[in-house]
Engineer: 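Got a structure for you, questions after.
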Amino acid sequence: MRRILVTSALPYANGHIHIGHLVEYLQTDIWVRFQKLRDNRCIYICADDTHGTAIMIRAREEGIGEEELIAKMQKAHVDDFARFDIQFDNYGSTHSSENRELCAEIWASMRAAGLVSQREVSQLFDPTAGTFLADRFVKGTCPKCGAADQYGDSCDQCGAHYSAADLIDATSTLTGAKPEVRTADHLFINIEKLHEFLDRWTKGDEHLQPEIANYLAGHFLHEPLRNWDVSRPAPYFGFEIPDSPGNYWYVWFDAPIGYMASTRQWCDTHGEEFDDWWASDRTEIHHFIGKDITYFHTLFWPAMLETSRYQLPTKIHIHGFLTVNGEKMSKSKGTFVCASTYLEHLDPAYLRYYYASKLTNRVDDLDLNLDEFVARVNSDMVGNVVNLASRTAKFATATGLSEKYPDDGGLFDQAAKDGQAIAEAYESCDFARAIRQILATADRANQFVEHNAPWKLRNDPDKARQLQDICTVGLNLFRQLAVYLAPVLPRLAEQTGELLGDPIEHWDQSQQPLTGTPVGKFKHMMKRVDRKHLDAMIAASTEREPANESAEPVTDSGQPLAAEPLAETCTIDDFAKVDLRVARVVAAEDVPKANKLLKLTLSLGGQERRTVFAGIKTAYRPEDLIGRLVVCVANLTPRKMKFGTSEGMITAAGPGGKDIFLLYPDEGAKPGQRVH
RNA sequence: GCGCCCGUAGCUCAAUUGGUUAGAGCGCCGGACUCAUAAUCCGUAGGUUGCAGGUUCGAGUCCUGCCGGGCGUACCA
């Protein structure tokens with residue numbers, strides 16, 4: 001029996017879990033469930049990553065303490081994960097006493113190894129926020145090519161690298177303040193001293209996928225490694241460094257140690273020895289991460305572990321990013337979908353299955369194609385797999401399974417044998433391959449049922465025995481599928497266990513057929529995906545503010561309504577008398593002698609034109625209106641005014657003066673269309 | 001710019017690591033069937049493996065150069 005410790009990257013406490021995060025947590029959860037099903041001793045450890053400037057700033061924005069913020073977010077994370085059936089053995093926090101102690105211990109090792117040095121660093125400082133600014137919090141004009149709106153490290157227009165202090169007209173993205181250069185002492189780890197070790201470790205024993213080892217060799221390890229800046233001056237939300245008052249560990253120092261801290265919590269509550277898990281070569285340690293945080297886990301982290309004499313990772317499994325319909329997730333396109341939004345519309349099993357069917361052990365990005373999502377879930381999972389139970393179970397409810405497993409032409413044995421290859425695919429994280437093989441088994445099972453036509457046998461009482469045998473085969477083949485799919489679809493495995501009165505708990509249950517047991521009444525195991533629900537989810541994600549915006553309730557003032565109370569109710573017929581139309585402003589001119597009026601010419605499409613005098617001069621300039629669509633009252637009795645006849649009104653809100661807000665139709669409306 | 005990775009049927013992916021005529025699923029089209037959640041079964045069509053060279057008895061696979069895409073580039077957690 002292997003002893004295996006597994007982690008996923010720690011989600012940052014600055015935002016909610018979204019479908020991109022879920023690639024990793026589902027991948028890890030499936031792998032862990034597979035190991036447990038194989039009767040290995042396996043624990044899944046994770047935690048919230050809680051430190052850093054971003055948390056500090058966000059807490060300030062929300063007007064709450066950091067600890068309150070991270071507690072709130074942790075609760076949300078834990079809840080989202082649970083609802084996706086992601087089962088951690090422990091979910092901790094980097095802001096814990098265990099983590100503080102382990103950080104101190106590892107830090108002391110690095111000091112003792114002579115790896116720590118101190119150097120003065122000059123950095124931009126935001127005087128309004130009172131904090132130093134990481135490069136991503138500074139924007140300005142590129143000193144090389146003059147492109148505006150560039151971050152403090154490099155220019156995405158010309159590719160130039162520079163120091164944030166060289167940016168022209170730099171501003172802080174936190175407060176908009178003009179940053180000033182200040183200096184502070186920082187602590188560095190001389191990681192170059194471990195260069196030889198890292199060369200060896202990254203290349204050896206398949207700790208890394210080959211493309212990652214190549215990448216590190218070509219990108220970092222081909223030249224001396226730079227010192228790693230691991231401290232931040234106050235104010236910083238994190239742990240103060242014991243032997244360097246006023247300085248805090250950079251969040252990437254304490255985050256991976258959080259893996260250990262969370263394990264220690266688990267050990268303390270389960271009577272386990274911490275060193276059995278982190279200091280024993282009998283334990284495998286597997287980290288699952290995204291490719292964006294590769295060097296933290298493949299260079300700094302092994303360096304920290306090596307120096308402090310802890311066990312090095314057995315393997316770091318690195319996955320790519322999620323794209324949706326071939327593009328980056330986008331808030332405006334509604335493809336930036338929060339876990340909680342997904343759950344309002346769709347069954348988590350769909351996503352578990354879909355990701356599994358596409359995940360390999362490569363670093364490639366994974367695309368969530370919505371059409372394909374529907375097709376795969378409906379035809380593979382429901383039509384092919386679940387349907388197998390649906391079409392055989394009810395013929396066997398009365399009789400139960402045959403006492404002796406019938407001759408099935410070798411189908412069960414074949415599928416049992418295939419279990420080996422399927423297990424190897426799971427083990428190597430090539431879930432796509434595992435799923436392909438499972439589906440091939442399901443195809444053979446459906447062919448068998450089709451060929452033996454139990455629906456014909458049931459009409460002939462003489463063939464009851466034969467019918468029972470056919471269903472015994474069909475249900476056993478289905479049960480094998482449920483075992484093989486259990487890591488991906490735990491609920492389906494549960495339902496199958498209930499149907500056949502034999503809970504699915506071990507991989508080996510796929511190797512022996514079940515006979516002579518009762519068959520329960522078949523209940524629907526999984527619904528087909530309705531495309532409408534997917535579309536609704538995308539629509540909900542589009543309307544919503546981005547996930548990491550504050551989730552506080554809207555607090556609009558009641559003053560405008562109080563200033564102008566609601567009018568008497570009117571009937572729909574009353575309302576219909578007013579003919580509101582979309583119109584385009586084709587001309588707009590100032591009326592020199594008027595204080596409030598602009599003269600507008602509106603087009604209602606075709607040759608239809610209206611001249612309207614609108615009292616919006618104090619809020620709008622004529623040139624800004626030309627070409628825009630507005631909503632006008634088109635059947636208003638024309639009215640003579642001092643400067644001419646007005647043939648309608650345009651609609652606007654607001655008390656007047658500068659506060660006038662014209663109504664615009666949404667994109668796509670055409671002049672002349674009626675507003676209902 | 002530099003580095004890593006990718007490019008195979010309309011879509012998503014295979015191809016035993018250089019070895020017969022490049023295979024599946026979905027989709028399309030045609031047929032069968034009716035137990036099942038419009039499901040399942042049988043069949044047809046669909047390819048100059050991004051382009052151009054090279055190595056080899058043999059190249060989707062190895063090498064070189066282009067073209068296109070993704071990501072990273074150390075302060076994004």
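If you're wondering where the values come from, they're calculated on a predicted model, not measured in any experiment. Order of the sequence lines fixes the chain letters, A, B, ..., with proteins taken first and strands second; residue numbering starts at 1 for each chain.
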Engineer: Between the base of B:A74 and the side chain of A:D229, is there a donor and acceptor pair under 3.5 angstrom?
Structural biologist: no
Engineer: Mind checking what makes salt bridge (charged side-chain N to carboxylate O under 4.0 Å, His left out) contact with A:E427, not counting sequence neighbours?
Structural biologist: A:R2
Engineer: Tell me, what's RNA chain B's dot-bracket, Watson-Crick or G-U with both distances under 3.5 Å, | for other-strand, [ ] crossing?
Structural biologist: (((((((..((((.....[...))))..((((.......))))......(((((..]....))))))))))))....
Engineer: Nearest to the side chain of A:Y215, which nucleotide is it out of B:A74, B:G3, B:C71?
Structural biologist: B:G3
Engineer: Rounded to the Å, how far apart are A:K456 NZ and B:A32 C1'?
Structural biologist: 10 Å
Engineer: Between A:K291 and A:D365, is the closest basic N to carboxylate O distance under 4.0 Å?
Structural biologist: yes
Engineer: Could you list the residues that satisfy salt bridge (charged side-chain N to carboxylate O under 4.0 Å, His left out) with A:R531, not counting sequence neighbours?
Structural biologist: A:D371, A:D535
Engineer: Report the nucleotide, chosen from B:U40, B:G72, B:A77, that has the shortest atom-to-atom distance to any side-chain atom of A:E450.
Structural biologist: B:U40
Engineer: Would you tabulate the nitrogen or oxygen pairs shorter than 3.5 Å linking the protein to nucleotides 44-47 of chain B?
Structural biologist:
none

Engineer: How many Å lie between CZ on A:F321 and P on B:G72, as a whole number?
Structural biologist: 5 Å
Engineer: Counting side-chain heavy atoms from CB outward, which of B:U37, B:G72, B:C75 is closest to A:V386?
Structural biologist: B:U37
Engineer: Centroid distance below 5.5 Å plus an interplanar angle below 30 degrees: do A:H451 and B:C41 meet both conditions?
Structural biologist: no
Engineer: Which nucleotide wins on minimum distance to the side chain of A:W455, given the candidates B:U37, B:C33, B:A77?
Structural biologist: B:C33
Engineer: Can a donor-acceptor pair be found between the side chains of A:D48 and A:Y91 at a distance below 3.5 Å?
Structural biologist: yes
Engineer: Across nucleotides 5-13 of chain B, 5' to 3', mark each nucleotide with B, S or - according to how protein heavy atoms within less than 4.0 Å reach it.
Structural biologist: SS-----BS
Engineer: Using a 3.5 Å cut-off and no angle test, enumerate the donor-acceptor pairs between side-chain atoms of residues 454-467 of chain A and protein atoms at least two apart in sequence or in another chain.
Structural biologist:
unit_1: A:R458; atom_1: NE; unit_2: A:W455; atom_2: O; d: 3.3
unit_1: A:D460; atom_1: OD1; unit_2: A:D462; atom_2: N; d: 3.0

